[in-house]
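Since the structure comes first, as structure tokens, the remarks are kept for the end.
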Amino acid sequence: MLARPITALPSPGAKPVPFEPKADGFRVLVFTGPRPYLQSRRGADLRGAFPELVRSAAELGVEAVLDAEWVVWGAQGLDFPALQERAGPAPGSHRAARGAGAAGPSDRLRRA
């Protein structure tokens, strides 16, 4: 589910509202197993941009779908421009210069 802006916080005593922090990254569906696949929110194939995530997904030893937020850590914290560079026209070409990425799983989805 995509986040949506709100204008005010719920009033005290209101029904609990589920929430999660939003990192400055890419939402990625990670299909694990012997033939891992990375998919952007819009359906783009991200395997070429994030080969280390593909390798990690293959090594998990189970078939599952992870809903994750992919970020790049820079010297001052999250570095969204570096993440955009990695997923740009030449995926992975600036990976060594701009730092490695990290995935924070949001949800585990069951494979049918």
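- Side-chain contact between Pro51 and Arg55: present, with at least one pair of heavy atoms (C-beta onward) separated by less than 4.5 Å.
- Among residues two or more places apart in sequence or in another chain, the side-chain contact (heavy atoms from CB on, under 4.5 Å) test is passed with Ala14 by Pro10, Ser11.
- Scanning for side-chain contact (heavy atoms from CB on, under 4.5 Å) contacts around Ser56 gives an empty result, with sequence neighbours left out.
- Residues Leu83 and Phe26 come closest through the heavy atom pair CD2-N, 3.5 Å.
- Screening Val30, Leu38, Leu53 against Leu66 for a side-chain contact (heavy atoms from CB on, under 4.5 Å) leaves a single residue, Val30.
- Scored by the ring-ring contact (aromatic ring centres under 6.0 Å, His included) test, Tyr37 finds no partners at all (sequence neighbours excluded).
- Pairing each heavy atom of Gly25 with each of Phe80, the nearest pair is O-CE1, 3.8 Å.
- Heavy atoms only, all atoms of each residue included: Gly33 and Pro36 are closest at O-CD, 3.3 Å.
- Here the closest heavy-atom approach between residue Arg27 and residue Asp67 is recorded as NH2-OD2, 2.7 Å.
- Scanning all heavy atoms of the two residues, the minimum distance from Thr32 to Ala57 falls at CB-O, 3.5 Å.
- Summarising the geometry of Pro34 relative to Glu63, their closest heavy-atom pair is CD-OE2, 3.6 Å, with the distance given to 0.1 Å.
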